[in-house]
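Worksheet: one structure, shown below.
All values reported here derive from a predicted model rather than from experimental measurement.
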There are 2 protein chains.
Amino acid sequence: MSKDSPTNAKSRRRPEQVTLSQVAQAAGVSPITASRALNHPDKVSDSTRQSVLESVERLGYVPNLVAGSLASSRSRLIAIIVPSLINSVFVEVIKGLQETLEAQGYQILLGNTDYDLDREYQLVRTFLGWSCSALVTAGLRHNDACRTLLANCGHPIMEVMELGKGMDLNVGLDHTAAGSCMTNHLIDRGYQRIVYVAARLSHDYRAGMRYEGHKAVLKAKGLEAPLLELDTLGSLQAGAESLAQVLQHYPATQAIHFANDDLAAGALLAAQRRGLSVPDDIAIAGFNGLPLGQHITPKLTTILSPREDMGRLAAQELIRRLSGKSVYRRQHDVGFTLQVGEST
Amino acid sequence: MSKDSPTNAKSRRRPEQVTLSQVAQAAGVSPITASRALNHPDKVSDSTRQSVLESVERLGYVPNLVAGSLASSRSRLIAIIVPSLINSVFVEVIKGLQETLEAQGYQILLGNTDYDLDREYQLVRTFLGWSCSALVTAGLRHNDACRTLLANCGHPIMEVMELGKGMDLNVGLDHTAAGSCMTNHLIDRGYQRIVYVAARLSHDYRAGMRYEGHKAVLKAKGLEAPLLELDTLGSLQAGAESLAQVLQHYPATQAIHFANDDLAAGALLAAQRRGLSVPDDIAIAGFNGLPLGQHITPKLTTILSPREDMGRLAAQELIRRLSGKSVYRRQHDVGFTLQVGEST
DNA sequence: CGCTGTCATGATAGCGCTACCATTACTTCT
DNA sequence: AGAAGTAATGGTAGCGCTATCATGACAGCG
């Protein structure tokens, strides 16, 4: 009784906040029963549940999830850590995750590392401090401190985007294979002098993996694999500018294999402005399968990666794990699809 | 002593978790002093702070933010509620918010309503349960329950995207004026038979506001303001399809005023495929100022809205408010810029 | 020399909730 | 009939941290 009394001198309570005890009192049950009525509805009788819910409604009770999490050390928070929000690729994965997780009553803590692994470590620390139920990171690369923290935190870790030796769960695709796939296609089309253009590989190291796949194919045929690395983010603008650079440095180029569709589309549109014919004067290929590529003329040849699906699948796997079901696979290869357009 | 002992039969602690008490003990100070060393560094002596930080490092202590928030009823969490993650417009606002808030040590709780106000209410409830420091919502429209909750929660509310009678803080732009601005431009160019094309106005009601601005200008000149509302989300695809519909239903159309750049660019690219000349056969205008519009030929006439800036400004205002500074403006008009391209 | 003020630190008592165990009233089984 | 469940409820004791007040030490002051 005195516990609930606001006259208590030591009380720090915000008096306007309705607590579960007040709900319980109004419903004529103990606080713990009220708690059960809300969180384990099957553990109380129908009539009790009814009257508790009615009191909740009447008093405008909003559960204090902070207190609940502290008491139960479970939070229903999922941390999502991505390196960028500008790159729509990550947003689409977030979309898939978010859609699935929110439907299951999880909330999303979003962090952006800006491609900085130290920043990632800080974010992981903070998110662990929120005792989030699981962490999702884009990519398999972490610094040592971060790796240690993740390995010992006791929560499920989901690494998305690429496929490889993950810490725990992993949903992604094989970027090296994707790079090879596209280059095989270009060679099938008869192109031999192919330049690979990427934006800042230190950031987008997955583009670097695709380049490795690309290079392996060319080397096997005894061909060169020149690389043009731009010092900007991938964008239409960067793609447009890179076209000029390629034509200047490698005038005999027959095809350009771009690290992503933004670059490729930018170059394609710039080629049009210049009066170059694609693919006759120069062939252009991208990666990602953005809608844009399918609406420009000529349609862009690209590789479609199932980004929202990746997010959805990752979320499903996590939920399965979190709900204690043992039926799950540690690793999922979501694959990719070569989408042959008119630009190659 | 016995409190920290894991032998205590009633203890529910996860034994692997390092607590502040352990850090304090290792540093030879009381828990409360250790807390101060971390959260109010200026309130402890240099030597104490040093030894606490060193113990934190050595023991690998990760602060339990849940416990901290419960005790202090402050969380450094900011809720961001948007209606969609597909629409890049919202993502850009999130980007601006996130960048500014993370730099100040705030974390982001992200929610997606899918244009459903009831869902928004649920998200607000949940986020308030996390006693987040502030809430950001995209838009001024809420249902009654949500409005009541927000009004009484005692936390700063920031409504972004549009300008109007907000609940608390408001950063946005005048969509009606933006609609008028573009239509004035079209009329200046000599177009009179102008169709407005939008995607699902019940969702994107801001597009509806722009249409109102558009209509007002035309009505004032005694001109008709036909509206074509699509039953899809705004996308390149929808824009491409809408072109055919406009040409069929309104064959004499001189210009199309699209609700956003995705639609406009889709239509422009589709017009090219059809061999129509833009703007000679038909003029096309958009809204948003997406990079895409500046890379296609002809360049798209559009209205540039400062989306990341909107996010940044909103975050700055919130931070100012949260840190108790009284210097803030309740409302900011971030304005917009008519970007005249080659498509009109 | 006491008086007041500031600084660094500590003891206490919660924040609002739930895990854990206990209790009671029934039902079912042998 | 008594043992052995099962279902519904409650009491107690924290979860790990911080607000509040209290304490002691020491400086400055007339």
Practice task
Would you classify B:Ser73 as touching base, sugar-phosphate or nothing, given that sugar-phosphate means primed atoms plus P, OP1 and OP2, and contacts are heavy atoms under 4.0 Å?
Solution key: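 The answer is nothing, as B:Ser73 stays clear of every strand by at least 4.0 Å.
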Practice task
Tell me what B:Arg49 touches on the nucleic acid: a base, only sugar-phosphate, or nothing, going by heavy atoms under 4.0 Å.
Solution key: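 The answer is nothing, as B:Arg49 stays clear of every strand by at least 4.0 Å.
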Practice task
Any pair with a residue in residues 40-64 of chain B that passes salt bridge (Lys or Arg N to Asp or Glu O under 4.0 Å), sequence neighbours left out, goes on the list, sorted by first then second residue, please.
Solution key: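 Pairs touching residues 40-64 of chain B that pass the test: B:Asp46-B:Arg49, B:Glu54-B:Arg58.
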For [X] and [N], give me the distance from atom [atom1] to atom [atom2], rounded to whole Å.
X	N	atom1	atom2	result
B:Arg76	D:dC17	CZ	P	17 Å
B:Gln25	D:dG16	CD	P	15 Å
A:Lys43	D:dT6	NZ	C1'	12 Å
A:Asn39	C:dG16	CG	P	17 Å
A:Leu20	D:dG10	CG	C1'	14 Å
B:Gln22	D:dC15	CD	P	12 Å
A:Arg74	C:dC17	CZ	C1'	12 Å
B:Asp42	C:dC7	CG	P	10 Å

Problem - Pairs meeting criterion side-chain hydrogen bond (donor to acceptor under 3.5 Å, both in side chains) with involvement of residues 59-83 of chain B, two or more places apart - result: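 Applying side-chain hydrogen bond (donor to acceptor under 3.5 Å, both in side chains) to every pair that reaches into residues 59-83 of chain B, excluding sequence neighbours, yields nothing.
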Exercise for the section: Would you check if B:Ile81 and B:Val124 make a side-chain contact, meaning some heavy-atom pair closer than 4.5 Å? Expected result: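 A side-chain contact exists here, since the closest heavy-atom pair is under 4.5 Å.
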Practice task
Would you mind reporting whether B:Leu123 and A:Gln107 have side-chain heavy atoms less than 4.5 Å apart?
Solution key: yes
side-chain contact (heavy atoms from CB on, under 4.5 Å) with [X]: which residues, sequence neighbours excluded?
X	result
B:Gln122	B:Arg119, B:Arg125
B:Ala34	B:Leu20, B:Ala24, B:Val29, B:Val52
B:Asp168	B:Pro156, B:Ile157, B:Arg321, B:Arg330
A:Ala314	A:Leu97, A:Met158, A:Val160, A:Val171

Handout entry: Distance test, side-chain N/O of A:Ser45 to OP1/OP2 of D:dT9, below 4.0 Å
Key = yes
Practice task
Could you tell me whether the phosphate oxygens of D:dT9, OP1 or OP2, come under 4.0 Å of any side-chain nitrogen or oxygen in A:Thr48?
Solution key: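 True: A:Thr48 side-chain N/O within range (under 4.0 Å) of D:dT9 OP1/OP2.
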Completion exercise
Taking for B:Ser72 and for B:Asp46 the nucleotide of DNA chain C with the nearest heavy atom, the one nearer the 5' end belongs to B:Asp46
Exercise for the section: Could you work out which one of D:dA19, D:dC17, C:dC17 sits closest to the side chain of B:Thr19? Expected result: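 From the listed options, D:dC17 comes nearest.
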Problem - Out of D:dT9, D:dT18, D:dA19, whichever nucleotide has its closest atom nearest the side chain of B:Ala71 - result: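 Of the candidates, D:dT18 comes closest.
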Practice task
Mind checking side-chain hydrogen bond (donor to acceptor under 3.5 Å, both in side chains) for A:Thr48 and listing every partner two or more places apart, or none if nothing turns up?
Solution key: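 A:Thr48: side-chain hydrogen bond (donor to acceptor under 3.5 Å, both in side chains) contacts with A:Ser45.
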Problem - Interface with DNA chain C, restricted to residues 56-70 of chain A and to heavy atoms under 4.0 Å - result: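 Heavy-atom contacts with DNA chain C come from A:Tyr61, A:Asn64, A:Ala67, A:Gly68.
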Practice task
Give me the residues of residues 28-38 of chain B where at least one heavy atom lies under 4.0 Å from an atom of DNA chain C, by number, or none.
Solution key: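 Result for residues 28-38 of chain B: B:Val29, B:Ser30, B:Ile32, B:Thr33, B:Arg36, sorted by number.
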Exercise for the section: Give me the bend of the helix from C:dC1-D:dG30 to C:dT30-D:dA1, using the axes of the five pairs at each end, rounded to 10°. Expected result: 30°
Problem - Backbone of B:Glu162 reached by a side-chain donor or acceptor of B:Asn170 within 3.5 Å - result: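 Present.
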Would you list the atom pairs, donor with acceptor, under 3.5 Å between side chains in residues 134-153 of chain A and any protein atom, with sequence neighbours excluded?
from	atom 1	to	atom 2	distance (Å)
A:Thr137	OG1	A:Gly139	O	3.2
A:His142	ND1	A:Glu120	OE1	3.1
A:His142	ND1	A:Glu120	OE2	3.1
A:His142	NE2	A:Glu159	OE2	2.8
A:Asn143	OD1	A:Ala145	N	3.3
A:Asn143	OD1	A:Cys146	N	2.8
A:Asn143	ND2	A:Leu117	O	3.2
A:Asn143	ND2	A:Asp118	OD1	3.0
A:Arg147	NH2	A:Leu140	O	3.2
A:Thr148	OG1	A:Asp144	O	2.8
A:Asn152	ND2	A:Thr148	O	3.0

Practice task
Sort and list the pairs that fulfil ring-ring contact (aromatic ring centres under 6.0 Å, His included) and have at least one residue in residues 98-141 of chain B, not counting sequence neighbours.
Solution key: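 Listed by first then second residue: B:Tyr115-B:His203.
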